[in-house]
Amino acid sequence: MSDVVEKTLTALPGLFESQTGAAKITNRLRQLIKSITELTSKHEEENLIKRELSAIKEQVSSPNTTMKQMREIMVRAMYCEMLGYDASFTYIHAIKLAQQGGVLEKRVGYLAVSLFLNEGHELLLLLVNTVLKDLQSTNLIEVCMALTVVAQVFPKDMIPAVLPLVEDKLSHPKEIIRRKAVLALYKFYLIAPNQVQHIHAKFCKALSDKDPGVMASSLHIYLQLIRESPDSYKDLTGSFVTILKQVLGGKLPVDFNYHSVPAPWLQIQLLRILSLLGKEDQSTSELMYEVLDESLRRAEMNHNITYAILYECVKAVYTIHPKAELLEKAARCIGNFVLSPKINLKYLGLKALTYVVQHDAKLALQHQMTIIECLDHSDFTIKRETLELLFRITNAQNVTVIVEKMLDFLCYVPIKTLTFAPDNSWFIQTMNDVFSIGGDLLQQDDPNNFLRLLAEGKPEEDDQLRLYAVESYLTVLKGHTSHLPQCFLQVMSWVLGEYAHLQESVDRREVIRLLTQLLDQRSVSSETRVWILSALTKIPEGQTDLILDLAESLSSSQDTVLRQQAQELRHLSQDSQLREWVLVENSCAVDSSLSFLDGFVSEALAAGAAPYKPPHQRQEELSLNLEPYSFSLPVSLSSCSITDRQSPTLLSVSSGLSGNSAELSTLILEGVKRVWGKDGYLPQKEATAPPVDEPSAAVQPASQQEAAERIEPRPEPSTQNQDKQQLASSLFVGLGVGSSVSLLGKSEAPPPRFRKKPRPHESSSSSGTSKRSSDSSSRSSRNTTDSFLYGSFPEEEPATSISTFDHTPKSTTANGLSQNKDTKEDRHANTSQILGGDMVIVRPSTIQDKHPPSVSSDLTALLPADLKDLPHSDVISLTSDPSLSLSSCRLFRDEALLLVIFISNCTETVIKDVAVQLTCEELKVCTGNVMDCLEARSTSVCHYALLMDDPHTNVSLTGTVSYQTQPGHTNTLPFSGTLSTADFIRPLVVTTEEYGKLWLSLSHDVKQNLKLLTDAGDPLRTTLNALKDALQLHVVDIIGSEGIVACRLLSGAPCLLHCRVNGAALAMWLRSPHPALPDFILYHCQRALAHH
Amino acid sequence: MIKAILIFNNHGKPRLIRFYQYFAEDMQQQIIRETFHLVSKRDDNVCNFLEGGSLIGGSDYKLIYRHYATLYFVFCVDSSESELGILDLIQVFVETLDKCFENVCELDLIFHMDKVHYILQEVVMGGMVLETNMNEIVAQVELQNRMEKSEVNQVI
């Protein structure tokens, strides 16, 4: 600190000397900064800045303030903004400074503009003419500043104005101007690609510019262009290779050296471009083998930046068409990275490994010991990257160990890995750990999904699992419970309430005692208390005395909900007849035909829901995969097997490396006789013992045995090391040839125990506990008639849906109790917890819809002229009251969904100040309008552009219209509605080639068999057309029994659909860069076909 | 692309804030606080990369930082940037500052925030790396300084 003070003292006088003219002004800034450093509290800072800002305000509006003072004021304003205070009144002055001042003023003005204003700010319009003028200036600095500000803040719609001038700058004599112009054009390309299409030839000129700096900046553009369509630029491969050769050969001026490495950043860019060009293209790859080899060889100097180059080089070698010699060198490089004592390099090594294991699992095996060490590394980032690597190599054999490591780390277990759960006890135990460590940080879905898993199984099949859960929870509850997270307590109380009776040996009094004990704890939240009381209600009669005591003690509780529930509990325990009627025991006669749901089912079917299919009709489902549940989609993911996967990447890799992978299988045999566990590992089984008990060993050719022997002799492991080796062998088990499937994160044959799980859609009618799914399916069935059902549902409908998603099957039948306020609250607590944000039931408090929709259909005539030609939906009446009636219509624009709201004045008087407010949590509501008055008997139109960034099944909108019939008397009319993802899907027009390329680049895929419409001559074409009509898809091509279809979410993420006729079904395979989008599109396809 | 460049001191006081993507004012402050929180608790012997905080885009973005005496230089970048490349770019930037200010220290950044911005503009433009050659950057800055000096001379 003292040197800082010293520096201040010496620096300050110099500061003023150099700026004698501005000394007085600088004083103000100095004053400000000095006073800020003397402050002791945030509150003081606020006051000071407030004072400062009002002083600035005064100064800027004073006519006597000179331009030079303005400059200094602007710096002070920037300082205030940096500290987080609003100085928006200075924005206009920043623009003025840029417009009117000399070069120095302009510099401050432009800087302030680029710091203060974002791309959407309206004040930017005022800058266009200034920028145009400066671009044509003869002063280099002015041109530079204009180019910088253009690249920094100019929005899409202002680009055409400056584009020609920026383009001209590409041939400017000064290289700095050319360089900035190239980058500005790159920025334009990023925000508005179609506007710069015509200047591609000029980019080419920039690439061959005599100044290396200009050439280097043009690589930004080429990297982007090639990333988008590598095939169009294959012819440039030679040029890029030559450039890289020249750089490596030291042909650039010494100026470009950094720590005696020639132009390292340029090399990085070039290597990236080459890897994109050589990907899956043997002939192009061959052109670059030599230079990559050279690059690997050159980059041996010991500086950070050479490692940056090496890393890119290694990635390139593994991306392009493989060449054994290079792969070997690259693998050695990765080894150097991973083994490096420098932590940054270790990190990159792990990252490279994570990338490479997808192509070549052998490398991970080579470095298993280092990976184990990294797992216990003190650096969070390293650990995280190691887990990422482990996640990529999870398979059925090593899942227990990997999940344990993940739990150790931060209780972050991607539930997906639990797909491989080996047995009941492990599963329950792991979930216990997840709940108790992760606790309330878990996603809300996790406990619900877990409970559903327990609840939905068949009694005989799953009682084992439930029993185990009950036992395990009793043990947990007998221990110390105050530290347990609320969600775990809730899970436990639900399970005990529901299934404690399965365990004959357990005294019910004991269960009641344990649960009651929880109620006494202070740390238990009132929500959890409700769960516990519900559980107590369910535990069968006979223990009246305990229950009465409890009810007594709670009846004086301050919490009304608890008091209410205690009352109920008392009534129930005293009146056994009521109890029997309300809480039907499992053993009692159950209406297995579920006839009481007939009304609901037929209603749902009439609304277009898919009919129920018995389990054997359902196709194989991915066991324990919780993804579809979290969206509540009636989708089942078929498990992908390696044979279905047609990606050329995989094929080429497996063919290219078959020689190596044989060796691989011998490596794994070491120590895999037994899955490692805390107490499961048998140390007497030595690693060198002949692996006779391993089935794969039996079929192993002799040559591979030899290879095994060659590798197996290791330095005698110390005992401390042995632990690690055990861990290693259990972690890397199954990374052999046969199990390469697992590398893709998919299992061919997970243990049968966890294969099942009905799809939510069907289960809704069969199980009352699948709260969320039944809710969503009842909603979705309602929505099938029109996904944009507005206004209120008939009164009885919400009631039906509520009873289906009620908490337990027992209370579902508790009609007698449903009037009780507290059960409603209980239910409310549960639903709000169970339903995600996008699943809120819309129950508008408005007057019922009085007009049939057809009446308002002529309203489309009122659409603004520019919107009339857009495809649109029917007009639907939203809501109405005596003065206003609201209808709406959806217009499908390419980049957004336009929601048009028609507001009609039903009265004979003028309605004033009509303002519409629309809100939606999930969507971006872009534009809207307000009108001043609405003439009698007239209709006005306002429209909103809605953008969906992340798909949601159904999105609810709410809004209000406020208006004045008499002055000073404001009425409001609320309305609401839902939108479905289908409204946001747009066709994606691509050619078959583009489709092919895009397909390979997309990572998230989902497969599913769908219904094939067989009622016409060409089933595939008919089905695809039906889908196209329903969902605005683009049918790219139909070849024989296969069809390819493309769409996108507005102008965002694409989704590609590959359809194949498979017997009487349509096998659909969807891919998208967005993880959730395929699920949603599949869901809508299913619905569209079912509806057809 | 570089999403943001944040410089703050050991106490989390911002010294230079430059966002290349729009965030509302209060969000910017939250991001600064979150980033400081993430970076400041890391030892000096761990690696210089970490996942971006939840506010700035989570795991799609990386924070690449260097710690110099009293200051943290943090670059928030997307996956298209080379980690080590950016790490050395920070070094280039700091060395440039050192050349321009002669033994740069925190105070130079406080009192000459505008100048630091001008220097940064020659290194990174609109989130894209413009220049990595230190001599070139210094030459551009010198050019602007000369202009400033000529103005002062006029006044005198």
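Because the structure is predicted, anything quoted here is derived from the model rather than measured. Each chain gets a letter, A, B and so on, in the order its sequence line appears, and its residues count up from 1. In what follows, every heavy atom counts, from backbone to side chain, and hydrogens, waters and symmetry copies are set aside.
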Hey, are B/R42 and A/T381 close enough side-chain-wise for a donor-acceptor pair under 3.5 Å?
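B/R42 and A/T381 do have a side-chain donor-acceptor pair below 3.5 Å.
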Please examine the side chains of A/Q152 and B/Q121, heavy atoms only from C-beta on, and report whether any two atoms are closer than 4.5 Å.
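Touching, per the 4.5 Å side-chain cut-off.
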Just so I know, are the side chains of B/H117 and A/L115 near enough to count as touching, which here means a heavy-atom distance under 4.5 Å?
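The answer is yes; the side chains approach within 4.5 Å.
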Would you name the heavy atoms of A/V75 and B/M113 that are closest together and state the gap between them?
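Result for this residue pair: O-CE, 4.0 Å.
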Which atoms form the tightest heavy-atom contact between B/G85 and A/I305, and what is the distance?
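Where B/G85 meets A/I305 most closely, the heavy atoms are CA-CD1, 4.2 Å.
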Chi angles and distances behind the side chain to side chain contact (heavy atoms under 4.5 Å, CB included) call for B/Q91, A/Y258
CA-CA 11 Å; B/Q91 181 65 27; A/Y258 175 75; 3.6 Å; yes
What part of [X] gets closer than 4.5 Å to chain B, counting heavy atoms only: side chain, backbone, both or neither?
X: A/L183; result: both
X: A/V182; result: neither
X: A/T148; result: both
X: A/L190; result: side chain
X: A/A184; result: both
X: A/R272; result: side chain
X: A/Q267; result: neither

Among B/M1, B/Q28, B/R18, residue most engaged with chain A (heavy-atom pairs, under 4.5 Å)
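The candidate making the most pairs under 4.5 Å is B/R18.
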Between B/N135, B/L130, B/D114, who has the most heavy-atom pairs with chain A when the cutoff is under 4.5 Å?
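So the answer, after comparing B/N135, B/L130, B/D114, is B/L130.
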Can you tell me how far apart [atom1] ([X]) and [atom2] ([Y]) are? Round to the nearest 0.5 Å.
X: A/I382; Y: B/L50; atom1: CD1; atom2: CG; result: 11.5 Å
X: B/L16; Y: A/M78; atom1: CG; atom2: CE; result: 10.5 Å
X: B/L84; Y: A/L348; atom1: CG; atom2: CG; result: 4.5 Å

Which bit of [X] is near chain A, if near means a heavy-atom gap under 4.5 Å: side chain, backbone, both or neither?
X: B/K149; answer: neither
X: B/Q21; answer: neither
X: B/L87; answer: side chain

Walk me through whether B/E136 and A/R179 qualify under side chain to side chain contact (heavy atoms under 4.5 Å, CB included).
CA-CA 12 Å; B/E136 187 67 30; A/R179 199 151 55 201; 3.4 Å; yes
Tell me whether B/E25 contacts the main-chain N or O of A/M82 through its side chain, where contact means a donor paired with an acceptor under 3.5 Å.
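Checked: no pair found.
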Ignoring hydrogens and geometry, is there a side-chain-to-backbone donor-acceptor pair from A/N344 to B/N48 under 3.5 Å?
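Checking the backbone N and O of B/N48 against the side chain of A/N344, a donor-acceptor pair under 3.5 Å is found.
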